[in-house]
Amino acid sequence: MKNLLIMGAPGAGKGTQASLIKNEYQIAHISTGDMFREAMSNQTPVGLEAKKYIDNGLLVPDTITVKLVEERLQKDDCKNGFLLDGFPRNISQAEALDKMLASSGIKLSGVINIQTDDLVLIDRIVGRRTCPVCKEGYHITSKKPKVENVCDKCGATLVQRADDNVETVSNRLKVYHEQTAPVLDYYKKQGLVIDVDGMQDINDVFKEITKKLGDNK
Ligand code: AP5
Ligand code: MG
Ligand code: ZN
């Protein structure tokens, strides 16, 4: 059973790899970013609060985020393993996760770290398109849908994320370097980090991940 984290800068390919890993290992994919976007589109109290931060490329306060993850990890589909994408994003979230897992007797199997140069991230983010219905991700050059702007899987019209603009991206990158990169050192000390070269093609990144994770499902 695999209880994994996937880390990397904004646009590094966390969501893209997470959906491949989820299918391969049959584990729950938990993306705090996706959960906040769902809450925003439903205009729930959490969504309305989160929007103030997300629109500016800032982290949503830990009190909100930690509670969301804690509730999500208790759902049945996490019993066969999970992949957390976008959480923890600062040291205090990492400590909160340790407490949550310890209280349920769960151990992390590894932390996948997708390494990229900052230079490619703006293009990946600005060119990203997403299916609003089935959530499949695309890119206008590196992962084109068969028909322009139409989801291959369900036929819906693709959309662009509201926070995928050049101004917000630079804030997201700054937050990543200042607050999230230290989380990697936190897990390095525990010997959990699995570095992966995120500058390769999507399929080659996935091959490297599965090779390093091993067959043990
Ligand atoms: P979140 O949704 O997590 O956004 P992010 O970290 O900025 O990361 P992205 O989703 O933008 O990138 P990704 O790494 O998933 O890349 P993708 O696979 O899509 O968070 C959004 C916001 O929510 C945060 O800013 C914050 O406000 C809030 N939030 C979320 N979690 C929080 C937390 N824990 N605490 C507080 N606040 C939180 O790929 C990008 C594009 O590149 C795609 O188009 C893809 O097709 C393409 N691509 C992927 N891999 C490759 C490749 N190898 N080669 C070429 N193209 C590629
Ligand atoms: Mg993502
Ligand atoms: Zn779709």
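Both ligands and their constituent atoms are indexed starting at 1 by order of listing.
- Atom 9 (P) of ligand 1 has its closest protein heavy atom at Arg128 NH1, 3.3 Å.
- Counting heavy atoms from C-beta on, the side chains of Ile125 and Arg128 come closer than 4.5 Å.
- Looking at Thr180, its side chain does come within 3.5 Å of a backbone N or O of Arg89 through a donor-acceptor pair.
- Among protein heavy atoms, the minimum distance from atom 31 (N) of ligand 1 is reached at Thr32 OG1, 2.7 Å.
- The distance criterion of under 3.5 Å between nitrogen or oxygen atoms is met by Gly13 with respect to ligand 1.
- For ligand 1, the polar-atom distance check finds an N/O of Ser142 within less than 3.5 Å of one of the ligand's N/O atoms.
- Linking ILVMFWY residues whenever their side-chain heavy atoms come closer than 4.5 Å, directly or via other members, places Val66 and Val175 in the same cluster.
- In the vicinity of Thr65, heavy-atom distances shorter than 4.0 Å reach the ligand 1 atoms 33 (C), 34 (N), 35 (N), 36 (C).
- The shortest distance between side-chain heavy atoms of His139 and Arg129 does not fall below 4.5 Å.
- For atom 1 (P) of ligand 1, the choice among Arg89, Arg172, Gln160 with the nearest heavy atom turns out to be Arg89.
- Scanning the protein heavy atoms around atom 15 (O) of ligand 1, the nearest turns out to be Gly15 N, 2.9 Å.
- Nearest heavy atoms, Ala12 versus Arg124: O-NH1, 2.9 Å.
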How far apart are the C-alpha atoms of Asp204 and Lys211, what are their side-chain angles, what is the distance that settles it, and do they pass the salt bridge (charged side-chain N to carboxylate O under 4.0 Å, His left out) test? CA-CA 10 Å; Asp204 291 331; Lys211 198 171 156 209; over 6 Å; no
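- Considering all non-hydrogen atoms of both residues, Gly214 and Tyr25 come closest at O-OH, 3.2 Å.
- Hydrophobic clustering of Ile, Leu, Val, Met, Phe, Trp and Tyr side chains at less than 4.5 Å, counting indirect connections, unites Ile91 with Tyr176.
- Here's the thing with Phe87: none of its N/O atoms is less than 3.5 angstrom from an N/O atom of ligand 1.
- Each of the following atoms of ligand 1 lies closer than 4.0 Å to a heavy atom of Gly86: 31 (N), 32 (C), 33 (C), 34 (N).
- Tracing side-chain contacts under 4.5 Å through hydrophobic residues (I, L, V, M, F, W, Y), one reaches Tyr53 starting from Val69; they form part of the same cluster.
- Between Glu70 and Lys99 there is no salt bridge, since no side-chain nitrogen of the basic residue lies less than 4.0 Å from a carboxylate oxygen of the acidic one.
- Side-chain contact check for Leu158 versus Thr130: every heavy-atom pair is 4.5 Å or farther apart.
- At least one heavy atom of Ala9 sits closer than 4.0 Å to an atom of ligand 1.
- When hydrogens are left out, the protein atom nearest atom 8 (O) of ligand 1 is Lys14 NZ, 3.0 Å; that is the closest non-hydrogen contact.
- The proximity of Arg37 to ligand 1, defined as any non-hydrogen pair under 4.0 Å, is limited to the side chain.
- Leu5 has its side chain within reach of Leu108: a pair of non-hydrogen atoms, C-beta onward, lies under 4.5 Å apart.
- If you check each of Arg124, Gln93, Lys51 against atom 41 (C) of ligand 1, the one with the closest non-hydrogen atom is Arg124.
- Numbered from 1 in the order shown, with element, the atoms of ligand 1 that lie under 4.0 Å from a heavy atom of Asp163 read 21 (C).
- Under 4.0 angstrom from ligand 1, the non-hydrogen atoms of Pro10 come from both its backbone and its side chain.
- Rounded to the nearest 0.5 Å, atoms CE (Met100) and OG (Ser103) are 8.5 Å apart.
- Every heavy atom of Asn90 sits 4.0 Å or more from the atoms of ligand 1.
- The hydrophobic clustering, which links ILVMFWY residues whose side-chain heavy atoms are closer than 4.5 Å, places Leu83 and Phe36 apart.
- Residue Tyr138 touches ligand 1 through its backbone alone, judged by heavy-atom distances below 4.0 Å.
- Of the heavy atoms in Gln200, only backbone atoms (N, CA, C, O) come closer than 4.0 Å to ligand 1.
- The distance criterion of under 3.5 Å between nitrogen or oxygen atoms is met by Val60 with respect to ligand 1.
- Residue Gly11 places at least one N or O, backbone or side chain, under 3.5 Å from an N or O of ligand 1.
- Among the atoms of Val205, none of the N or O lies under 3.5 angstrom from an N or O of ligand 1.
- Remark: Asp85 does not engage Lys22 in a salt bridge, criterion side-chain N to carboxylate O under 4.0 Å.
- Tested against Gln93, the residues Asp98, Asp62, Thr32 include a single side-chain contact (heavy atoms from CB on, under 4.5 Å) partner, Asp62.
- With the Zn ion (ligand 3) as the vertex, SG of Cys154 and SG of Cys131 span 100° to the nearest 10°.
- With a 4.0 Å heavy-atom cut-off, ligand 1 is reached by the backbone of Leu58 but not by any atom from C-beta on.
- Under a 4.0 angstrom heavy-atom cut-off, Arg161 registers as being in contact with ligand 1.
- Ligand 1 lies nowhere less than 4.0 angstrom from a heavy atom belonging to Gly137.
- At least one N or O atom of Thr16, backbone or side chain, sits closer than 3.5 Å to an N or O atom of ligand 1.
- The shortest contact between atom 50 (N) of ligand 1 and any protein heavy atom is with Ile202 CG1, 3.6 Å.
- Contacts of Ile54 with ligand 1, taken as heavy-atom pairs under 4.0 Å, involve both backbone and side chain.
- Distances shorter than 4.0 angstrom do not occur between any heavy atom of Gly8 and any atom of ligand 1.
- Across all their heavy atoms, Ala18 and His29 have their closest contact at CB-NE2, 3.3 Å.
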